[in-house]
2 protein chains.
Amino acid sequence: MGASLRDVARLAGVSVKTVSNVVNGYAHVSPATRAKVEHALSQLDYRPNLSARNLRQGRTGVIALALPELDAPYFAELSRFIIDAAAEVGWLVIIEQTGGSLDRERQVLDGVRRHRVDGLILSPIAIGADELAARTDDTALVLLGERIHGGPADHVAVDNVRAARDVTEHLIGLGRRRIAALGAQDNSISGTAPPRLAGYRESLAAHALPETVAKVDRYRRAEGAAAMAALLEARPDAVFCFNDLLALGAIRTILAAGLRIPEDVAVAGFDDIEDGRFSTPTLTTVAPDKAQLAGIAVDLLKQRIEGRTDRPPREVHATYRLMTRESTLGGRGGGAAGDLA
Amino acid sequence: MGASLRDVARLAGVSVKTVSNVVNGYAHVSPATRAKVEHALSQLDYRPNLSARNLRQGRTGVIALALPELDAPYFAELSRFIIDAAAEVGWLVIIEQTGGSLDRERQVLDGVRRHRVDGLILSPIAIGADELAARTDDTALVLLGERIHGGPADHVAVDNVRAARDVTEHLIGLGRRRIAALGAQDNSISGTAPPRLAGYRESLAAHALPETVAKVDRYRRAEGAAAMAALLEARPDAVFCFNDLLALGAIRTILAAGLRIPEDVAVAGFDDIEDGRFSTPTLTTVAPDKAQLAGIAVDLLKQRIEGRTDRPPREVHATYRLMTRESTLGGRGGGAAGDLA
DNA sequence: ACAGCCATTTACAACGTTGAAGCAACGTTG
DNA sequence: CAACGTTGCTTCAACGTTGTAAATGGCTGT
């Protein structure tokens with residue numbers, strides 16, 4: 001198998017610890033020794049053994065990213081940025097999929113399958129603040145995209161309430177009056193649904209317009225398509241879908257029913273996944289700055305890992321833009337309504 | 001922190017090794033001792049430290065999955081299955097993104113950022129067989145979705161040539177005669193482009209039909225849309241795109257040009273990403289069995305890791321189906337042309 | 001009675017790494 | 001020139017686990 005520090009030490013004619021010092025960039029090593037050791041290191045293609053290093057000192061250089069599903073485009077895109085941001089600070093990323101199940105979220109919080117990782121970025125769906133607070137595991141934790149009221153952990157997300165209000169105002173500004181919301185949920189204590197629903201309601205209330213709310217179990221195209229079929233009976237002239245997948249499913253249903261977008265029904269989504277930039281019609285949506293979200297998440301985690309554990313939890317908002325496209329503007333679609341914090 | 005074997009041993013009044021034996025289900029432990037130990041185990045909520053176990057056993061329980069980009073839907077979907085399949089055998093998965101760059105692929109092959117992992121599943125784009133053969137690292141390796149001629153490593157993929165032939169035959173069977181291919185590449189020695197192009201050519205040659213081939217740099221919607229714009233001048237009546245993203249981009253361009261799909265231009269893709277099942281029109285495509293691909297990849301890797309290193313490399317084909325949908329069939333779209341190995 | 005066997009349990013070493021402590025050589029300071 | 005701090009390196013121990021070898025004691029067969 002691979003060479004160990006001992007093998008390198010033997011070849012370089014120094015002690016194991018000196019090799020360790022070189023590997024770890026310890027300052028007080030003479031240039032001559034350093035050169036000798038480095039030559040031996042590369043000759044033997046030395047690689048540190050994670051298990052041993054971890055056993056000895058508790059740091060692994062590996063963090064875990066736990067999210068519902070990797071194949072939801074929003075999470076795939078976000079993961080990409082998180083892996084890149086983590087790479088910047090020298091971390092590798094293990095991905096765990098919770099499927100949004102409470103059990104799996106508990107397991108992950110309780111330790112990533114018994115392996116030790118330096119930190120955990122969790123995108124929670126099912127778990128509540130109380131349970132989170134009662135967590136015994138002391139691995140550094142950052143919550144992503146999810147507001148858990150008074151949660152005991154650092155948290156980064158866009159301002160979902162405000163973004164939902166922006167979308168709704170956009171639809172109202174286009175003259176729509178029967179604006180439906182698609183994507184409320186029964187089961188989720190802490191999902192993204194509640195704040196988006198709240199923003200939608202605030203806007204409608206401010207304009208004295210009626211609400212129509214459709215629920216779904218999961219945020220996927222099929223559910224969006226099915227929920228839209230039911231919504232069509234209420235004859236809405238606009239639909240605010242709580243994510244882009246739901247919106248793309250809804251679009252499919254609307255077009256299949258022989259209605260025009262946006263003339264008959266305007267559609268807006270949330271997430272700005274790449275699909276929505278090339279769908280027919282292109283999709284008006286809230287575009288969170290995913291690179292920024294990822295950067296902040298990694299940064300918060302880094303501070304937690306390196307700093308002390310007892311600082312109060314922080315809540316950080318990432319910026320977003322409202323991307324207005326064909327699904328609300330028609331042929332003149334394409335453009336951004338400006339940057340928003 | 002968690003309790004160690006020593007803590008449990010102390011509480012139960014036995015040796016550390018006896019506790020270890022109980023934990024590992026060793027047969028020759030007296031019922032009385034076993035009961036005592038188990039009581040102590042549950043009282044202290046003992047959990048094995050995997051780092052220590054792995055150090056002792058020389059395994060990390062972690063594999064790496066290296067692919068071009070996580071946010072390409074095909075890879076996101078595949079990753080999901082691979083993570084799940086790896087979880088089945090108790091492995092965690094670290095994800096590395098190569099961006100399809102030769103440098104990054106080399107680095108990954110040379111060791112995942114100097115960390116040691118039990119195995120590597122690589123989806124190569126740029127690297128060639130010779131360089132792969134010259135690799136010094138002895139980490140178990142499985143190549144995914146990519147045929148490297150006489151490559152020195154296990155490999156799993158669908159039969160790209162045959163699948164491409166099936167798609168082309170399908171288009172010919174619909175009466176199309178000016179069938180373009182979209183997705184050839186200049187730079188890739190070993191990408192998926194060559195076998196798909198070969199299958200396309202074989203079919204056209206068999207029917208004495210002319211070729212029209214468009215090249216792209218990357219397999220993304222934007223490139224598909226741009227390449228399609230150029231292709232339209234050749235007035236094709238069908239386009240075989242080498243993946244679904246290219247096809248979705250192409251569809252956007254075709255519809256924007258005022259042409260009908262499939263009446264004027266039939267479109268087929270490759271990968272069966274979820275987008276294509278809900279796009280307008282829905283997309284005819286080759287659907288590799290991704291769960292099977294993932295399962296085989298993990299299984300091959302497991303055999304490599306547990307078995308001996310010197311067995312000859314194996315080449316395994318996963319099954320696929322040709323999913324015929326609206327983009328070639330029109331309104332009657334929806335259905336599969338049957339299972340194919 | 002004694003060797004031989006078995007079940008049960010233990011002590012010890014080792015996996016690869018790094019923190020703590022220590023030692024020798026050198027330069028600086030009073 | 002003695003005392004001291006710094007640099008450069010080493011030795012030692014320990015992280016938690018499990019394989020190996022060996023100790024203990026009871027039972028069997030002669």
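Chain letters run A, B, ... following the sequence lines, proteins first and then strands; every chain starts at 1. These figures come from a predicted structure and were not determined experimentally.
- If you take CZ of A:R53 and C1' of D:dT17, they are 20 Å apart, rounded to a whole angstrom.
- Regarding B:R6, its CZ atom lies at a distance of 13 Å from the P atom of C:dA11, rounded to whole Å.
- One axis for each end of the helix from C:dA1-D:dT30 to C:dG30-D:dC1, each built from five base pairs, and the angle between them comes to 50° at 10° resolution.
- The backbone N or O of B:I127 sits less than 3.5 Å from a side-chain atom of B:E105, completing a donor-acceptor pair.
- Looking at which nucleotide of DNA chain C each of B:H28 and A:A52 is closest to, the 5′-most match is held by B:H28.
- In this structure, the side chains of B:T18 and B:Y26 stay at 4.5 Å or more apart for every pair of heavy atoms.
- When atom types are taken as modelled, the side chain of B:N54 and the backbone of B:T60 share a donor-acceptor pair closer than 3.5 angstrom.
- To the nearest angstrom, P of D:dC15 lies 18 Å from CG of A:N49.
- Nearest heavy atoms, B:I273 versus B:E77: CA-OE2, 3.5 Å.
- Distance CG (B:L55) to P (C:dT17): 9 Å, rounded to an integer number of Å.
- Contact between the side-chain N/O atoms of A:S20 and the OP1/OP2 oxygens of C:dT17 is not found at any separation under 4.0 Å.
- We find that B:K302 and B:E306 are joined by a salt bridge, their nearest charged nitrogen and carboxylate oxygen being less than 4.0 Å apart.
- Within 4.0 Å (heavy atoms only), B:T33 reaches sugar-phosphate atoms of the nucleic acid but no base atom.
- Without hydrogens or angle criteria, A:D45 side chain to A:S42 main chain gives no donor-acceptor distance under 3.5 Å.
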Pairs under 3.5 angstrom, nitrogen or oxygen only, protein versus nucleotides 19-21 of chain C, please.
residue: C:dG19; atom: O4'; partner: A:R56; partner atom: NH2; Å: 3.3
residue: C:dG19; atom: N7; partner: A:K17; partner atom: NZ; Å: 3.0

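- The distance between atom OH of A:Y26 and atom C1' of D:dT7, rounded to the nearest whole Å, is 8 Å.
- Going from atom CG of A:D71 over to atom OG of B:S79 covers 9.0 Å, rounded to the nearest 0.5 Å.
- Taking both residues in full, the closest heavy atoms of B:Q303 and B:R314 are given as OE1-NH1, 3.0 Å, listed atom of the first, atom of the second, then distance.
- Using a 4.0 Å heavy-atom criterion, one finds that B:V29 contacts the sugar-phosphate atoms exclusively.
- Contact annotation: A:S15 side-chain N/O to D:dT11 OP1/OP2 distance is not under 4.0 Å.
- Residues A:R80 and B:L70 come closest through the heavy atom pair N-CD2, 4.3 Å.
- Side chains of A:L44 and A:L11 form a contact here, defined as non-hydrogen atoms less than 4.5 Å apart.
- Atom CZ of B:R59 is separated from atom C1' of C:dG16 by 17 Å (rounded to the nearest Å).
- Nucleic acid contact class of B:S30 (heavy atoms, under 4.0 Å, all strands): sugar-phosphate only.
- Here B:S4 lies in heavy-atom contact (under 4.0 Å) with sugar-phosphate atoms only.
- When the P atom of D:dT17 is taken as reference, atom CG of A:N54 falls 12 Å away, rounded to whole Å.
- Looking at heavy-atom distances under 4.0 Å, A:V14 makes contact with sugar-phosphate atoms alone, never a base.
- The CG atom of B:D7 sits 10 Å away from the P atom of D:dC15 (whole-angstrom rounding).
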